[in-house]
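Chain naming here is simple, since letters A, B, ... match the order of the sequence lines and numbering starts at 1 in each.
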2 protein chains.
Amino acid sequence: MSRPTVAGVARAAGVSVASVSRVLNGLPATEEMVERVQRAVEELGYVPDARARSLKVGRTFQLTLAVADVGNPVYVTMMRAVEEVVSAAGYRLVVTTTGPDVVDEVALVRGMARGYADGLVISPLRVDDDLIKSIRECDVPVVVAGNVPASAGVDTIRANSPKGMLLAVEHLLQKGRRRIAFLNGPRDTVPGTARAKGFAEAMKANGLRPVAEVEAADFTFAAGREAGRELLSGLTAGPNRADGRGAAAGGRAGAGGRGTKGRKQVPDAVIAANDLLAVGLMHELAAVGLEVPKDVAVVGMDDSELAEQSFPPLTSVNLGSAERGRRAAELLLARIDDDTRTPRRIVVQPTLSVRRSTP
Amino acid sequence: MSRPTVAGVARAAGVSVASVSRVLNGLPATEEMVERVQRAVEELGYVPDARARSLKVGRTFQLTLAVADVGNPVYVTMMRAVEEVVSAAGYRLVVTTTGPDVVDEVALVRGMARGYADGLVISPLRVDDDLIKSIRECDVPVVVAGNVPASAGVDTIRANSPKGMLLAVEHLLQKGRRRIAFLNGPRDTVPGTARAKGFAEAMKANGLRPVAEVEAADFTFAAGREAGRELLSGLTAGPNRADGRGAAAGGRAGAGGRGTKGRKQVPDAVIAANDLLAVGLMHELAAVGLEVPKDVAVVGMDDSELAEQSFPPLTSVNLGSAERGRRAAELLLARIDDDTRTPRRIVVQPTLSVRRSTP
DNA sequence: ATCGTTCTTGTAATCGTTTACAACCGACAC
DNA sequence: GTGTCGGTTGTAAACGATTACAAGAACGAT
């Protein structure tokens with residue numbers, strides 16, 4: 001006994017397929033007709049085939065959100081926001097993960113081109129011409145949560161990293177920290193370059209020079225630890241500890257301190273490009289006996305759930321991931337509604353969530 | 001200029017639609033035919049319509065993983081494992097989130113019944129007859145990562161919570177902790193009941209009685225904090241601190257200690273049903289000045305990425321989420337291949353990942 | 001009684017693929 | 001020259017829904 005189709009239901013109910021379809025879609029029909037069809041549907045356990053339906057009507061009522069790494073908590077914030085908006089609009093949201101490579105991203109956009117979903121939100125880590133081309137050629141609407149050139153002719157919604165960096169730097173400054181280091185993610189990613197630039201500007205605007213700058217292999221916790229270790233190497237002994245008892249287990253002595261030639265200054269604050277990186281760093285700080293925030297203040301970025309879960313809770317720049325998710329979803333829905341509207345480029349402003357990782 | 005279809009390509013290449021389809025699917029054709037078709041495809045930027053294709057061939061080459069809460073790090077572990085297996089098999093994985101309610105879960109299974117995917121892995125928090133019925137009626141294969149009755153006639157793969165609890169209890173015991181409390185998630189969920197039962201058994205087997213048992217509203221960080229507060233209320237002053245300087249800021253004196261009547265015993269260890277709950281609890285412990293693991297040891301469950309990210313890193317029962325994900329995916333693929341095989345019920349064994357939240 | 005109107009229902013075309021089947025073509029053996 | 005055989009290619013029928021269009025029914029007005 002095979003799965004019932006609309007034809008089977010029609011036969012069972014003794015009516016035509018058109019009538020079945022009409023009843024199922026709530027078009028006007030007589031009381032009796034509705035009753036007969038519904039009974040047949042019930043009896044056969046009929047469930048319409050989504051593929052056939054969407055082939056005919058041209059819509060799937062599914063929307064896709066593609067993220068690079070499901071383990072990154074910033075995406076859960078976005079995901080929640082997107083989900084809320086699209087499900088309120090009667091769409092089902094599905095999430096796929098692309099990994100960090102741009103080629104996979106391109107493959108996804110290409111593959112999505114026909115039939116898997118009515119629209120797509122992507123938040124690409126890396127962008128190249130192929131990706132832009134595939135977005136432009138994609139015949140389902142795409143909105144980019146991130147930074148692509150205006151020439152791509154696509155709705156975008158992005159964060160204001162430079163402003164966020166400024167908030168972080170000024171907060172630290174106000175708390176009396178001046179020896180600020182930067183723990184970035186990969187420079188060849190979109191957020192990586194934006195944050196590097198923002199950090200440099202923010203420091204310059206306040207007349208500061210970074211005491212150190214390291215680059216993690218990617219935006220993950222493990223990479224954060226590794227980069228944190230690199231950042232700390234060679235400067236674990238220094239004037240940071242008020243009690244002067246030094247820090248590292250190894251405890252190798254050294255001049256340290258600012259201005260000492262041939263040796264990096266010891267930071268009294270680190271800004272990380274990401275909450276995961278920040279937390280990774282904090283583990284390394286603890287490992288060498290530095291206390292947060294007493295010895296070193298730490299500021300993360302994204303203000304994800306991890307920021308409040310970490311210990312100490314992490315002061316973090318809120319780059320508006322929830323709002324970006326919400327508005328990305330809204331842009332997508334609007335464009336599905338009307339494909340001719342001119343692409344918008346929205347920038348959302350950051351705020352700072354102060355927690356206990358800064359004094 | 002509308003999107004090209006196979007007919008358009010055929011016209012452009014001066015061949016029949018069948019030939020186009022054959023070339024696209026790699027069926028035998030002459031050199032020249034292949035060449036002409038490919039040129040036309042290239043030129044028109046043709047992308048096949050997934051809906052139409054899957055309508056005809058009966059497969060979508062998509063698999064769905066439905067999880068209750070994307071914010072729960074245990075699911076990212078599972079997700080990664082599932083993704084790896086299914087993508088190696090040529091499927092695309094999509095993830096949807098259902099929320100904690102069983103009705104949404106049922107709706108998902110029902111809706112998935114026709115056409116959205118070739119198979120479904122669900123990990124339901126709550127199970128009722130409706131859900132089981134919908135799974136049985138679903139005409140795409142379903143595998144359940146969790147516990148449903150064998151009568152459901154479905155492949156399942158589940159953790160061994162009781163054994164996991166035993167590992168946790170015995171580890172604590174071995175470290176000299178005997179006043180063990182339990183921070184559970186909602187009792188009306190599948191994991192909630194399993195863990196409650198497992199905890200009770202494990203304690204009994206070791207001749208211990210729980211000093212406290214609280215139930216969080218759900219398996220989230222926020223709920224963990226709240227339940228942690230509840231657990232700690234009224235017993236924040238006690239003999240736990242070795243230095244005897246009491247604990248809470250308020251520092252109210254009290255008899256505390258074991259056996260004191262009218263007053264709960266002060267735990268020297270807490271097992272949480274979940275890493276998120278454990279981390280929430282640790283925040284509350286810190287808030288009242290109790291140190292982990294010196295004053296109170298904490299054991300989480302799931303051994304998710306959060307366990308190593310938390311501070312101190314969390315000793316956690318590894319319930320095999322990665323393996324469960326992997327094997328769930330394998331079961332699903334096997335069943336897609338052959339729907340007649342008798343349902344398997346796999347149990348994966350837990351291990352303990354010892355970190356620094358226990359002495 | 002006839003006509004027009006409105007409302008309901010059925011027939012058949014359509015969406016964009018795949019694929020069973022038949023037609024065709026050239027080669028080869030008799 | 002004809003029949004057979006392999007191999008390519010084309011025609012047309014699916015897959016399972018929606019929907020334009022036409023036909024029929026009911027009903028009141030003329």
Indicate every side-chain donor-acceptor pair of residues 140-154 of chain A with a distance under 3.5 Å to a residue at least two apart or in another chain.
none

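Shown here are the side-chain hydrogen bond (donor to acceptor under 3.5 Å, both in side chains) partners of A:Q62, two or more places apart in sequence or in another chain: there are none. B:T220 pairs by the side-chain hydrogen bond (donor to acceptor under 3.5 Å, both in side chains) definition with B:D218, not counting sequence neighbours.
Between the two ends of the helix from C:dA1-D:dT30 to C:dC30-D:dG1, each summarised by a five-pair axis, the helix axis turns through 70° (rounded to 10 degrees).
The local environment of CD in B:E84 is sparse, with at most 12 non-hydrogen atoms from other residues, nucleotides or ligands closer than 6.0 Å.
We find the CG-OG1 distance between B:D118 and B:T64 to be 9.0 Å, quoted to the nearest 0.5 Å. In this structure, the separation between CZ on A:R11 and CG on A:L44 is 9.5 Å, given to the nearest 0.5 Å.
At the heavy-atom level, B:A29 lies under 4.0 Å from the strands shown only through sugar-phosphate atoms. Residue A:T5 is classed as a sugar-phosphate contact, given heavy-atom separations below 4.0 Å to backbone atoms only. Backbone-only contact: A:S19 has heavy atoms under 4.0 Å from sugar-phosphate atoms and none from a base.
Rounding to whole angstrom units, CG of residue B:L27 and P of C:dA20 are separated by 10 Å. As a whole-Å value, the separation of A:R22 CZ from C:dT11 C1' is 11 Å.
Under the 3.5 Å distance criterion, with hydrogens and angles disregarded, no donor-acceptor pair is assigned to the side chains of B:R80 and B:Y75. A donor-acceptor contact closer than 3.5 angstrom is absent between the side chains of A:D104 and A:T98.
For the pair B:R92 and A:Y116, the cation-pi test (distance below 6.0 Å, angle within 45°) is passed.
Side-chain atoms of A:V17 lie closest to C:dT11 of the nucleotides C:dG10, C:dT18, C:dT11.
At least one side-chain heavy atom of A:R114 sits under 4.5 Å from a side-chain heavy atom of B:R3.
Within residues 33-62 of chain A, the residues approaching DNA chain C are A:M33, A:L55, A:K56, by heavy-atom distance under 4.0 Å.
With A:M112 as reference, A:L120 is the one residue of A:L120, A:D139, A:I122 to meet the side chain to side chain contact (heavy atoms under 4.5 Å, CB included) rule.
If you walk DNA chain D from 5' to 3' and mark each nucleotide with an atom closer than 4.0 Å to a heavy atom of chain A, the marks span D:dG16 to D:dT19.
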